[in-house]
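Before any comments, here is the structure.
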Amino acid sequence: MVKTIPRAAAGPMSKPALMRQMQEIALVDVNCFYASVERVFDPSLEGKPLVVLSNNDGCAVTRSPEAKRLGIGVGEPWFKIAPRAREWGLIARSSNYELYGDISARVMELLGRYSAWVEVYSIDEAFLGVKGSPAELLQLGRDMKTAAARNVGVPVCVGIARTKTLAKLANKWAKHNSTFDGVCRWDSVPADRREALMAGLSVVELWGVATRLTKRLDAIGIHSVLDLSRADPVRIRDKFSVVLMRTVLELQGTPCIPMEEERVGRDQLIFSRSFSTPITTAAELRQVLSVYGQQASARLAKHHLQAKVLTAFAGTSHYNQRDTSYPSVCVPLPMPTADPVILTKAAHALLPAIHEGVKYARAGIMVTDLRPTGNQKPLELFENPHEERNIGPLMEDIARRYGRGSIGLGYAGIRGGPDWSMKRGMRSPRYTTHWDELPLVKAA
DNA sequence: GAGAGGTAG
DNA sequence: GATTCTACCTCTC
């Protein structure tokens with residue numbers, strides 16, 4: 001008697017079934033994403049050196065290829081670049097995360113048409129499970145590149161390989177080696193050429209390896225990607241960590257870093273910012289912490305989460321070595337909550353640790369031990385009078401209707417920008433998410 | 001479990 | 001004078 005294996009039910013394929021079908025992984029990422037988005041809406045930026053700045057217009061986070069050629073590094077402070085900007089014809093933009101987020105969503109939606117399994121890895125890149133012959137895979141990569149340029153208006157590069165680490169590497173080659181024309185499939189590159197490329201690349205270029213590991217690897221004679229790919233995985237695990245061992249195995253073609261499901265809940269939320277001008281008084285800091293407390297409340301509510309622990313912290317500038325101070329307090333909350341009053345009050349627990357006169361450059365709060373909002377009512381004894389009256393949702397409703405800043409609790413409610421608020425003098429319009437900032441088109 | 005260290009984008 | 005922010009993982013104690 002032969003048992004027959006039941007056929008899979010019709011309908012969408014299960015994840016394990018997809019996994020069996022999936023032969024390779026494609027890494028698609030947008031070239032210098034923020035700068036490319038700025039160019040979508042302002043084509044006059046095309047061909048010009050352009051940098052997008054971090055919060056507070058602090059430093060360059062994204063540079064157009066022309067800006068890179070000027071020798072501007074990532075993280076280079078704007079105050080150092082600015083004096084020469086005019087002479088270089090360099091243009092700077094403040095970061096416009098709302099716009100970038102919206103364009104990112106369009107790119108991801110587009111990629112979803114090419115694979116049933118897209119892992120959104122960051123704002124500008126995604127891993128895709130892909131399947132097909134070598135020729136089909138290369139064609140798929142070229143199709144995605146063309147579609148992103150035509151439908152969204154941004155340039156992307158594609159790396160395709162058997163493992164994530166190799167897909168990352170192939171993507172890098174696609175980007176920096178014009179012969180690949182933006183699409184590189186690892187196994188389609190002749191072995192001797194791959195080795196030459198790997199021999200010429202420092203381990204610091206690898207996904208998961210940064211400066212510290214590079215130093216330690218250098219010390220044992222491992223300098224290039226090729227060196228690391230030939231290392232003994234077990235020895236690497238013993239001398240370093242399982243993380244680096246996975247990198248070695250992945251370089252050798254053994255997948256160890258799986259495609260991930262979309263993260264639903266988060267483990268922690270952080271609200272933190274550097275100030276445009278340092279804060280020196282507890283009164284000002286109280287106001288800042290109130291703002292964060294309410295932001296945390298709104299975000300928790302949005303994700304249907306409650307927090308059990310809140311940590312509040314402040315710190316002086318790392319660049320000022322005198323008078324340094326990094327006060328922080330960890331406040332266990334009496335019960336899981338997303339209530340703005342409770343969170344704000346908890347955040348204020350930092351205030352006694354603040355020394356008047358010290359120049360605090362940054363502050364923030366972190367909520368941890370997050371859990372989904374339960375539906376069972378807390379014991380009467382522990383019931384929170386504010387939550388009962390739903391102050392959080394009420395404030396959200398007003399903010400939605402009358403705009404952010406129209407309502408706030410106590411010190412967070414003051415109108416007009418306090419002088420520590422973020423500096424963003426060169427922000428482009430939020431073209432796609434605000435009615436009053438839509439792009440105008442003139443038909444002449 | 002907390003904190004340090006490291007990494008990514 | 002001035003220099004991002006958020007979130008994760010692993011290791012150690």
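Letters A, B, ... are given to chains in the order of the sequence lines, protein chains preceding strands, and every chain is numbered from 1.
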Less than 4.0 angstrom from a charged side-chain N to a carboxylate O is my criterion; do Asp181(A) and Arg142(A) meet it?
no
Could Glu195(A) and Arg230(A) be called an ion pair, given the rule that one side-chain N must be under 4.0 Å from one carboxylate O?
yes
If you look at every strand shown and take non-hydrogen atoms under 4.0 Å, does Leu269(A) touch a base, only sugar-phosphate, or nothing?
sugar-phosphate
State whether the side chain of Glu250(A) and the backbone N or O of Cys256(A) hold a donor-acceptor pair below 3.5 Å, judged by distance alone.
yes
Anything under 30° is parallel, anything over 60° is perpendicular, the rest tilted; go ahead and classify Tyr97(A) against Tyr34(A).
perpendicular
Tell me what Glu76(A) touches on the nucleic acid: a base, only sugar-phosphate, or nothing, going by heavy atoms under 4.0 Å.
nothing
Spacing of Ile257(A) atom CD1 relative to dT7(B) atom P, expressed in whole Å:
14 Å
Taking any atom under 4.0 angstrom from a heavy atom of chain A, which nucleotides of DNA chain C are the first and last to qualify, 5' to 3'?
dA2(C) to dC11(C)
Whole angstroms only, please: what is the CG-P distance between Asp29(A) and dG9(B)?
9 Å
With a 4.0 Å cut-off on heavy atoms, is Leu53(A) in touch with a base, just the backbone sugar-phosphate, or nothing at all?
nothing
NZ/Lys68(A): more than 12 non-hydrogen atoms of other groups inside 6.0 Å:
yes
Matching residue for Glu24(A) among Arg162(A), Lys131(A), Arg185(A) - test: side chain to side chain donor-acceptor pair (under 3.5 Å):
Arg185(A)
In this structure, how many angstroms lie between the P atom of dG9(B) and the CE atom of Met108(A), rounded?
13 Å
Need one value for Ile81(A): base, sugar-phosphate or nothing, where a base atom within 4.0 Å counts as base even if backbone is also close, heavy atoms only.
nothing
Under 4.0 Å, heavy atoms only, any strand: does Tyr121(A) hit a base, just the sugar-phosphate, or nothing?
sugar-phosphate
In whole angstrom, give me the gap between the P atoms of dA8(B) and dT3(C).
25 Å
For Lys48(A) and Asp42(A), run salt bridge (charged side-chain N to carboxylate O under 4.0 Å, His left out): C-alpha distance rounded to whole Å, both residues' side-chain angles, the deciding distance at 0.1 Å, then the answer.
CA-CA 11 Å; Lys48(A) 292 185 188 155; Asp42(A) 186 352; over 6 Å; no
Is Trp207(A) touching bases, backbone alone, or none of the nucleic acid, heavy atoms closer than 4.0 Å?
sugar-phosphate
Send over the distance from Leu27(A) CG to dG9(B) P, rounded to a whole Å.
9 Å
Nearest-Å distance, CG (Asp124(A)) to C1' (dA8(B))?
11 Å
For Glu205(A) and dT7(B), give me the distance from atom CD to atom C1', rounded to whole Å.
15 Å
Does this structure show an ion pair linking Glu205(A) with Lys175(A), if we count only N-O contacts that are shorter than 4.0 Å?
no
May I ask you to say what Arg362(A) touches in the nucleic acid, namely base, sugar-phosphate or nothing, with a heavy-atom cut-off under 4.0 Å?
sugar-phosphate
Along DNA chain C (nearest heavy atom to each residue), the more 5'-positioned of Ser272(A) and Arg246(A)
Ser272(A)
Euclidean distance, atom CG of residue Asp267(A) to atom C1' of dG3(B) [Å, nearest integer]:
16 Å
Distance, rounded to the nearest Å, where Lys215(A) contributes NZ and dG6(B) contributes C1':
13 Å
Using a cut-off of 4.0 Å on non-hydrogen atoms, how would the nucleic acid contact of Arg237(A) be classed: base, sugar-phosphate, or nothing?
nothing
